[in-house]
*Asks:* 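Please see the structure below; I have some questions.
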Amino acid sequence: MKHSAPLLLALTIAGCAAPPVASCPADFDAFLARYSEDAAFQREFTAPVVIYTHVENVEPEPRPVTEHRPADTLVYPSLLSRAKREAQGLNGMKVTAEARRAVVTLWQEDTDYQLSYRFERDSCWRLVQVDDASL
């Protein structure tokens, strides 16, 4: 019986280890497809604090502003669904994905409207930064 205590301890510790994120799609394209269509999924896979940059239109020159926003203060959906993007005239989209980083850039043709969403991957992809370069 005294030899079973280490085994029991090992099994207990193993049971406490964080399981892999089962709901996380394997590749970024699949992740993005779900992320852009599901606000609850967005909440789950957004970093606790998101870096948000935007351009403040002040005189004499517009200037960049960087804020650190808690995820629970963001408006969801943070990345609009395809239908909503099309309805709002966001007709440009570029996705650049690497092993642990990805950037999704949205824009509206013939305007200065441009948003970039940066994701990083640990156990799953998470939104970590939003850059609003619109004037």
Side-chain angles (χ1 to χ4, degrees):
M1 203 52 153
K2 70 179 185 178
H3 294 295
S4 63
L7 177 60
L8 181 59
L9 179 61
L11 290 173
T12 301
I13 292 171
C16 293
V21 181
S23 61
C24 183
D27 66 39
F28 186 74
D29 289 337
F31 172 85
L32 181 60
R34 183 163 177 201
Y35 191 91
S36 66
E37 299 295 328
D38 185 342
F41 189 78
Q42 288 183 15
R43 283 184 188 90
E44 184 178 352
F45 293 102
T46 294
V49 176
V50 174
I51 299 168
Y52 179 77
T53 62
H54 61 98
V55 177
E56 191 172 80
N57 201 2
V58 294
E59 293 296 330
E61 292 286 325
R63 65 181 172 93
V65 176
T66 300
E67 302 171 358
H68 292 80
R69 294 186 176 177
D72 62 357
T73 66
L74 299 177
V75 175
Y76 294 94
S78 57
L79 179 61
L80 300 175
S81 68
R82 177 185 302 257
K84 288 182 181 176
R85 288 192 309 265
E86 289 173 359
Q88 292 185 14
L90 292 172
N91 45 9
M93 181 170 164
K94 178 182 178 186
V95 177
T96 306
E98 299 173 2
R100 296 251 178 238
R101 292 190 178 151
V103 177
V104 176
T105 303
L106 305 174
W107 66 89
Q108 187 174 33
E109 297 287 336
D110 301 321
T111 71
D112 64 359
Y113 187 87
Q114 180 176 314
L115 287 170
S116 294
Y117 299 83
R118 194 177 91 205
F119 296 85
E120 291 181 356
R121 184 176 176 88
D122 191 7
S123 59
C124 189
W125 293 99
R126 295 208 181 278
L127 176 67
V128 296
Q129 185 169 342
V130 177
D131 296 317
D132 183 348
S134 306
L135 291 176

*Asks:* Counting C-beta onward and ignoring hydrogens, is there a side-chain heavy-atom pair between S78 and L127 closer than 4.5 Å?
*Replies:*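 Side chain of S78 against side chain of L127, heavy atoms only: contact under 4.5 Å found.
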
*Asks:* Does the side chain of T53 pick up a donor-acceptor pair with the side chain of T66 at under 3.5 Å?
*Replies:*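 Their side chains do not contain a donor-acceptor pair, so the 3.5 Å distance test is not met.
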
*Asks:* State, to 0.1 Å, how close T105 and S116 come at their nearest heavy-atom pair, and which atoms those are.
*Replies:*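 In this case the closest contact between T105 and S116 is OG1-OG, 3.1 Å.
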
*Asks:* If two hydrophobic side chains count as joined below 4.5 Å and joins carry through other members, does V104 share a cluster with Y76?
*Replies:*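 Looking at the clustering, Y76 is in the same group as V104.
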
*Asks:* Are side-chain heavy atoms of H68 and I51 found at a separation under 4.5 Å?
*Replies:*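 They are in contact (side-chain heavy atoms under 4.5 Å apart), so the answer is yes.
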
*Asks:* Taking E98 first and then R100, would you say they form a salt bridge - that is, a charged N and a carboxylate O separated by under 4.0 Å?
*Replies:*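 Here E98 does not pair with R100 in a salt bridge, since their nearest N and O are not under 4.0 Å apart.
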
*Asks:* Determine the minimum heavy-atom distance between A71 and A47, stating which atoms define it.
*Replies:*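 Looks like CB-O, 3.2 Å.
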
*Asks:* State the CZ-CD distance between R69 and Q129, to the nearest 0.5 angstrom.
*Replies:*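 Nearest 0.5 Å value for the CZ-CD distance: 12.0 Å.
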
*Asks:* What is the minimum heavy-atom distance between R121 and P25, and which atoms define it?
*Replies:*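 R121 and P25 have their closest heavy atoms at NH1-O, 4.0 Å.
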
*Asks:* Quick one: do L106 and L80 end up in the same hydrophobic cluster if we chain Ile, Leu, Val, Met, Phe, Trp and Tyr together by side-chain heavy atoms under 4.5 Å apart?
*Replies:*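 Yes, one cluster joins them.
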
*Asks:* Using the rule that Ile, Leu, Val, Met, Phe, Trp and Tyr join whenever any side-chain heavy atoms are under 4.5 Å apart, tell me whether L90 and Y117 fall into a single cluster.
*Replies:*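 Result: yes, single cluster for both.
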
*Asks:* I need the minimum non-hydrogen distance between T96 and K94, along with the two atoms involved.
*Replies:*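 Closest approach of T96 to K94, heavy atoms only: OG1-CE, 3.7 Å.
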
*Asks:* With rounding to the nearest 0.5 angstrom, report the OH to CG distance, Y52 to D131.
*Replies:*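 Reported to 0.5 Å precision, the distance equals 9.5 Å.
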
*Asks:* Could you go through the side-chain contact (heavy atoms from CB on, under 4.5 Å) check for V65 and R63 one step at a time?
*Replies:* CA-CA 7 Å; V65 176; R63 65 181 172 93; 3.9 Å; yes

*Asks:* Is any side-chain heavy atom of Q108 less than 4.5 Å from a side-chain heavy atom of Q88?
*Replies:*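 No. Closest side-chain heavy atoms not under 4.5 Å.
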
*Asks:* Short question: side chain of R126, backbone of E44 - any donor-acceptor pair under 3.5 Å?
*Replies:*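 Yes; at least one donor-acceptor contact below 3.5 Å.
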
*Asks:* Taking atom CG of D110 as the centre, does the number of heavy atoms from other residues, nucleotides or ligands within less than 6.0 Å exceed 12?
*Replies:*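 Atom CG in D110 is not packed in, count stays at 12 or less.
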
*Asks:* Testing the basics here: between S81 and E37, what is the closest heavy-atom pair and its distance to 0.1 Å?
*Replies:*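 For S81 versus E37, the nearest heavy atoms are CB-OE1, 3.3 Å.
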
*Asks:* Would a hydrophobic clustering, with Ile, Leu, Val, Met, Phe, Trp and Tyr connected at side-chain separations under 4.5 Å, put V103 with L79?
*Replies:*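 V103 does not cluster with L79.
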
*Asks:* First locate atom CZ of R34, then atom SG of C24, and finally report the distance between them rounded to the nearest 0.5 Å.
*Replies:*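 Here the rounded value is 9.0 Å.
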
*Asks:* I'd like to know if Y35 and L74 are part of one continuous hydrophobic network [Ile/Leu/Val/Met/Phe/Trp/Tyr, side-chain heavy atoms within less than 4.5 Å].
*Replies:*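 Hydrophobic grouping puts L74 with Y35.
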
*Asks:* May I ask you to check whether over 12 heavy atoms, not counting those of R101, lie within 6.0 Å of atom CZ?
*Replies:*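 Counting neighbours around CZ of R101, 12 or fewer heavy atoms of other residues, nucleotides or ligands fall under 6.0 Å, so no.
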
*Asks:* In sequence, state the C-alpha distance, the side-chain angles, and the governing distance for L32 and M93, and then conclude on side-chain contact (heavy atoms from CB on, under 4.5 Å).
*Replies:* CA-CA 12 Å; L32 181 60; M93 181 170 164; 3.5 Å; yes

*Asks:* Which pair of non-hydrogen atoms, one from F45 and one from S23, has the smallest distance, and what is that distance?
*Replies:*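 Heavy-atom minimum between the residues: CZ-OG, 3.6 Å.
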
*Asks:* Measure from the ring center of F119 to the ring center of F28 and say whether it is less than 6.0 Å.
*Replies:*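 Yes.
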
*Asks:* For atom CZ of R43, is the number of surrounding heavy atoms from other residues, nucleotides or ligands below 6.0 Å larger than 12?
*Replies:*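 Atom CZ in R43 is packed in, count exceeds 12.
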
*Asks:* Do the rings of F31 and W125 sit parallel, tilted or perpendicular, given the 30° and 60° boundaries?
*Replies:*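 F31 and W125: tilted rings.
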
